[in-house]
Number of protein chains: 4
Amino acid sequence: MATRVPSEHGSVRKAPRQLRSRATVDTIVEAAARVLARRGWAHFTTNETASAAGVSVGSIYQYFPNKLALAEEIRKRHLDAVLAAISGSDERDAVITVEQRAAKLVDGVVAAHSVDQELHRVLLDEVPLAARSTQDQFEAEYLRRYQAVIASAPGKPDPKRDDIAGRVLSGAVEGVVHAAARHGELQSPELRAELIELVCAYLRSRCTG
Amino acid sequence: MATRVPSEHGSVRKAPRQLRSRATVDTIVEAAARVLARRGWAHFTTNETASAAGVSVGSIYQYFPNKLALAEEIRKRHLDAVLAAISGSDERDAVITVEQRAAKLVDGVVAAHSVDQELHRVLLDEVPLAARSTQDQFEAEYLRRYQAVIASAPGKPDPKRDDIAGRVLSGAVEGVVHAAARHGELQSPELRAELIELVCAYLRSRCTG
Amino acid sequence: MATRVPSEHGSVRKAPRQLRSRATVDTIVEAAARVLARRGWAHFTTNETASAAGVSVGSIYQYFPNKLALAEEIRKRHLDAVLAAISGSDERDAVITVEQRAAKLVDGVVAAHSVDQELHRVLLDEVPLAARSTQDQFEAEYLRRYQAVIASAPGKPDPKRDDIAGRVLSGAVEGVVHAAARHGELQSPELRAELIELVCAYLRSRCTG
Amino acid sequence: MATRVPSEHGSVRKAPRQLRSRATVDTIVEAAARVLARRGWAHFTTNETASAAGVSVGSIYQYFPNKLALAEEIRKRHLDAVLAAISGSDERDAVITVEQRAAKLVDGVVAAHSVDQELHRVLLDEVPLAARSTQDQFEAEYLRRYQAVIASAPGKPDPKRDDIAGRVLSGAVEGVVHAAARHGELQSPELRAELIELVCAYLRSRCTG
DNA sequence: CATGAATGAGCGTTCATTCAT
DNA sequence: GATGAATGAACGCTCATTCAT
């Protein structure tokens, strides 16, 4: 695989102003996501993407300076979808018990991992990070959901400790769901129950301890 | 046209007989591990490995049928080291409280992730699995440590539920440590304390609940 | 590990759409034929072919999935030329005597072997057959010429025996011409006379015997 | 495949004087012939030959300056065997009729092609000729058999014409048998009959014409 | 003499990227 | 703008041959 120095380093070569361009970009990104999910990063090629999108390679380079930038755009869109999936189970209804909160959280994360499992895995495990920014932004937003759960649990707040607790909770839930996804057990109700139990136990212990 | 008999390809091409060979194999694997950790799977090349090891490409193929088999050997050696690191905090001394057990477990996993962090990440996230066997064996052994902790906690055993609990615990601890490693906070004592708390809370809740 | 979908490989990678491509394909095939004839299959390399054609290796793989497919195309074109050469001495004029028929046949085969002797030898003797189809089609067409001669000879037809006779005649003429070509005596009139004599004798004996 | 300049150009590096050497050489050549027949020239490697012979590569280079010289020795031995097979049906018994002579000849050639068909084919079709000498010597000897048949046929001798006739006869019989071998019909009695007929017809026509 | 570990030029093939049309 | 033919550096891998032991 030849690694060429790309001629520009901006993430997007040209902001698509016109409707037609926007549509083309969408077509490209969607096709690229399909190809990426199907073949994996190692076999993700611009030529196949182009023909899957029904455009020429040249058109890809009209909008993206290089392959990585295209992948970056796929990641961006996917993370948005993931965030939307988490938020879907986040409506501001009368949630009261810690159990209910924990259940909402777990269901949200599971839903997020179900958006496009293979693409998710490839993006997380295979595609190299061009720039931290997108990922960081996402992680911050993601962590905020966890912090909200922490904050809503009884007990007096302690910013420093709560921050760490959020990261612990995030890592734990994420880790369990990730492992479950790898083994195709994302929908197991027993696992869901245990995971909720884990979250509850932690939250409870934090308020009593 | 006559049908040709292809030559078979085992996982190891030739068992090194002489002392010189054994040393060469070690040199190759060690150099390969360095290159793999530094460049990642996508840029892990046999030629760079060869020159990093101070041998010719041919020597790599004397002992490994292909690049993947070389990576497989790196994985094998690394997982052994990881297992050794976990076991290091596993001596059969008089551990009594759940807290002490949890602390041992967490310390072991952290130690395991400290062996060679970047190599660990690349092996887990990027290198494709040629055969499940090595990985499966490792995972089984790995899970066993968690099951042992579960089993040692008070409360009456329930094989099915305990199995799931083991996977939840494993996923959670692994997830937290993994995230911490990514952010360079593997040695943070606060994080350690919270993680131990998570494990304890879960174990306690399982025996009372 | 996810199972990857491999990309398929047809015999021709892409049908050349533009005029430029068609010209490139011709250039490549012609250069390849020259290289193949000059170096033999064992030393027939894509890189030399590319530079002999004045294109880059990539261009070869734009149109041919691999080296063998390129050789297959050379064979196809050559066999067409050979068939054309044989047919050249096949016009439907008033041929009456067996001698005249035999002479036409022999002259055709000699002409066929004169098309590009070295290429002919390499294609027949060295290049492995990827698919039987091209070769089989050619052989069938080739045999048909011999069968026609057999059929036109006096004597009552016997399908089974005539079939074998066709193969005997084909093998014999082919063998003599082949050997002559190897010794550079393809144009010898004495040899031509003897070969015609051989064919006539056989045909005569079949009708009387 | 790296092409190195061999350090010597003699066909055999060292004439094996001692019994042990002679045995080693035999072992090597026999193993090499098996490997060559099984894999074909393109996949015929010195390393596989060495391990098939139960010796080290170095030992091969003790007796043969390079791979081609080894193949040359295989050819030499095989052609001897072929000649022996032809001669086997050549005893000086009371052969009188032309038919009987022709039958003997055909049977001899068929027997020769049956010695080791795959090796025969590979040697003829794939292995390049290092030096003409071995092949030429064989061909001369081979032609002599045909000349003998020609000479023994009635009719007054004509050295020049008889020479050409020998080559025609040789090419024809060889060609038919070769084609038959390719189609696995070496043992067909119908084909044998037709071929004998061809030879007889030619011989007869030469004495009457 | 025999061994077999080591060499490295050279092969077939891929694919991100460019640019004439 | 869009196209897609063309590029060529770089990869994984092979195997004839050498030479220290």
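What you are looking at is a predicted structure, and each value in this text was computed from that prediction instead of being measured. Below, read A as the first sequence line, B as the second, and so on, with proteins coming before strands; counting in each chain starts at 1. Values below: all heavy atoms of this structure, side chains included; hydrogens, waters and symmetry mates excluded.
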Value in whole Å for how far the [atom2] atom of [N] lies from [atom1] of [X]:
| X | N | atom1 | atom2 | result |
| --- | --- | --- | --- | --- |
| D:I28 | E:dC1 | CD1 | P | 13 Å |
| B:N47 | E:dT13 | CG | P | 18 Å |
| D:L70 | F:dC15 | CG | P | 16 Å |
| B:Q62 | F:dG12 | CD | C1' | 17 Å |
| C:Y63 | E:dT14 | OH | P | 16 Å |
| D:I60 | F:dA16 | CD1 | P | 9 Å |
| D:R22 | E:dC1 | CZ | P | 13 Å |
| C:Y61 | F:dA10 | OH | P | 19 Å |

Locate the shortest heavy-atom distance separating [X] from [Y]; write the atom from each residue and the value.
| X | Y | result |
| --- | --- | --- |
| A:A32 | A:F44 | O-CE1, 3.5 Å |
| A:L123 | A:R75 | O-NH1, 3.4 Å |
| D:I28 | D:Y63 | CD1-CD1, 4.2 Å |

So which nucleotide from [options] ends up closest to the side chain of [X]?
| X | options | value |
| --- | --- | --- |
| C:N66 | F:dG8, E:dC1, E:dT13 | E:dT13 |
| C:V57 | F:dA6, F:dC15, F:dG8 | F:dG8 |
| D:H43 | F:dA5, F:dC15, E:dG4 | F:dC15 |
| C:T24 | E:dT17, F:dG1, F:dA6 | F:dA6 |
| C:T46 | E:dC1, F:dG12, E:dG12 | E:dG12 |

What distance do [X] atom [atom1] and [Y] atom [atom2] have between them, rounded to the nearest 0.5 Å?
| X | Y | atom1 | atom2 | value |
| --- | --- | --- | --- | --- |
| C:T45 | C:W41 | OG1 | CH2 | 11.0 Å |
| A:L124 | B:D125 | CG | CG | 8.0 Å |
| D:R38 | D:L119 | CZ | CG | 12.0 Å |
| D:K76 | D:Q135 | NZ | CD | 13.5 Å |

Review point. Just to confirm, is there a sub-4.0 Å distance from OP1 or OP2 of E:dG4 to any side-chain nitrogen or oxygen of D:S56?
Key: no
Closer than 4.0 angstrom, basic N to acidic O: yes or no for [X] and [Y]?
| X | Y | result |
| --- | --- | --- |
| B:E126 | B:R121 | yes |
| C:R34 | C:E118 | no |
| B:R77 | B:D116 | no |

Any base atoms under 4.0 Å from [X], or only sugar-phosphate, or nothing? Heavy atoms, all strands.
| X | result |
| --- | --- |
| A:T45 | sugar-phosphate |
| B:S59 | base |
| B:V55 | sugar-phosphate |

Review point. Tell me, which of residues 30-41 of chain B have any heavy atom that sits under 4.0 Å from an atom in DNA chain E?
Key: none
Exercise for review: Specify the residue among A:F44 and A:G58 whose closest nucleotide of DNA chain E lies further upstream toward the 5′ end.
Suggested key: A:F44
**Study point:** Dot-bracket encoding of pairs in DNA chain E, which uses [ ] for pseudoknotted crossings and | for another strand, Watson-Crick or G-U under 3.5 angstrom
**Key:** .||||||||||||||||||||
